[in-house]
Asks: 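Okay, handing you the structure first.
Start at 1 with the first residue, then count along the sequence. Below, each value reflects all heavy atoms present in this structure, side chains not excepted, and no hydrogens, waters or symmetry copies.
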Amino acid sequence: MKLPELNSDTIDRIIEMAWEDRTPFDAIEEQFGLQEKEVIALMRREMKASSFRMWRERVTGRKTKHTQKREFVAGRFKSDNQKT
């Protein structure tokens, strides 16, 4: 998969957001223009294999990573590094 050119600070922020339990993939897409499958590809490329497997296991099926599956709307954690 061809990913857009991203600087190291942007890659670090995307990885940070992907690891956060309450930050949905929609927020990453809105802020950086990367769909879930592109975030997965980025994580696979940037992380050690064991860390990637641990992350995938952690986010697979997690309701908080998908806006439509959430049981809440308000109360989303917002990092100081987040643009919107």
Side-chain angles (χ1 to χ4, degrees):
M1 170 175 293
K2 181 72 173 151
L3 294 172
E5 290 293 320
L6 302 167
N7 65 40
S8 63
D9 289 339
T10 302
I11 291 171
D12 289 345
R13 181 63 188 134
I14 292 168
I15 291 171
E16 181 182 358
M17 289 176 75
W19 269 102
E20 293 170 350
D21 289 341
R22 295 178 65 102
T23 302
F25 288 113
D26 294 343
I28 297 171
E29 184 173 4
E30 187 177 307
Q31 193 168 346
F32 299 103
L34 295 177
Q35 296 176 351
E36 180 179 352
K37 63 183 179 181
E38 294 171 313
V39 173
I40 293 168
L42 177 81
M43 297 291 276
R44 185 186 307 272
R45 183 184 78 190
E46 296 295 325
M47 299 173 73
K48 294 188 303 183
S50 60
S51 297
F52 174 77
R53 282 192 304 273
M54 182 173 29
W55 173 76
R56 280 301 289 156
E57 212 174 288
R58 183 180 162 101
V59 299
T60 300
R62 184 174 290 272
K63 290 181 181 182
T64 56
K65 293 304 278 184
H66 301 276
T67 307
Q68 271 81 25
K69 294 181 181 179
R70 288 178 162 204
E71 296 170 354
F72 61 90
V73 178
R76 179 166 106 23
F77 173 76
K78 183 176 176 185
S79 171
D80 293 335
N81 296 330
Q82 208 164 331
K83 290 182 184 177
T84 57

Asks: Check whether any side-chain heavy atom of Glu29 sits under 4.5 Å from a side-chain heavy atom of Leu34, and report yes or no.
Replies: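 When only atoms from C-beta onward are counted, Leu34 and Glu29 do not touch, as no gap falls below 4.5 Å.
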Asks: What pairs with Asp9 under side chain to side chain donor-acceptor pair (under 3.5 Å), at least two apart in sequence or on another chain?
Replies: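 Not a single residue meets the side chain to side chain donor-acceptor pair (under 3.5 Å) criterion with Asp9.
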Asks: If you define the side chain from C-beta out and look only at heavy atoms, does anything of Met43 sit under 4.5 Å from Trp19?
Replies: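 Met43 vs Trp19: side chains touch.
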Asks: Output all residues satisfying side chain to side chain donor-acceptor pair (under 3.5 Å) with Ser51, sequence neighbours left out; order by chain, then residue number.
Replies: none
Asks: Indicate yes or no for a side-chain donor-acceptor contact from Glu38 to the backbone of Gln35 under 3.5 Å, with no hydrogens or angles considered.
Replies: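 Such a contact is found between Glu38 side chain and Gln35 backbone.
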Asks: Counting only N and O atoms by type, is there a donor-acceptor contact under 3.5 Å from the side chain of Trp55 to the main-chain atoms of Ala18?
Replies: yes
Asks: Would you list the pairs meeting salt bridge (Lys or Arg N to Asp or Glu O under 4.0 Å) in which at least one residue belongs to residues 50-61, sequence neighbours left out?
Replies: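 Residue pairs passing salt bridge (Lys or Arg N to Asp or Glu O under 4.0 Å), neighbours aside: Asp21-Arg58.
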Asks: Supply the atom-to-atom distance Thr10 OG1 to Ile15 CD1, rounded to the nearest 0.5 angstrom.
Replies: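 If we round to the nearest 0.5 Å, Thr10:OG1 and Ile15:CD1 are 11.0 Å apart.
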Asks: Evaluate Phe32 against Met17 for side-chain contact (heavy atoms from CB on, under 4.5 Å), listing each step before the verdict.
Replies: CA-CA 11 Å; Phe32 299 103; Met17 289 176 75; 3.5 Å; yes
Asks: Nearest heavy-atom pair of Ile40 and Phe52: which atoms, and what distance?
Replies: O-CE1, 3.5 Å
Asks: Out of curiosity, Lys37 NZ to Leu42 CG, how far, rounded to the nearest 0.5 Å?
Replies: 14.5 Å
Asks: Tell me which pairs pass salt bridge (Lys or Arg N to Asp or Glu O under 4.0 Å) where either residue lies in residues 39-50, with sequence neighbours left out.
Replies: none
Asks: Is any side-chain N of the basic residue among Glu20 and Arg13 closer than 4.0 Å to the acidic one's carboxylate O?
Replies: yes
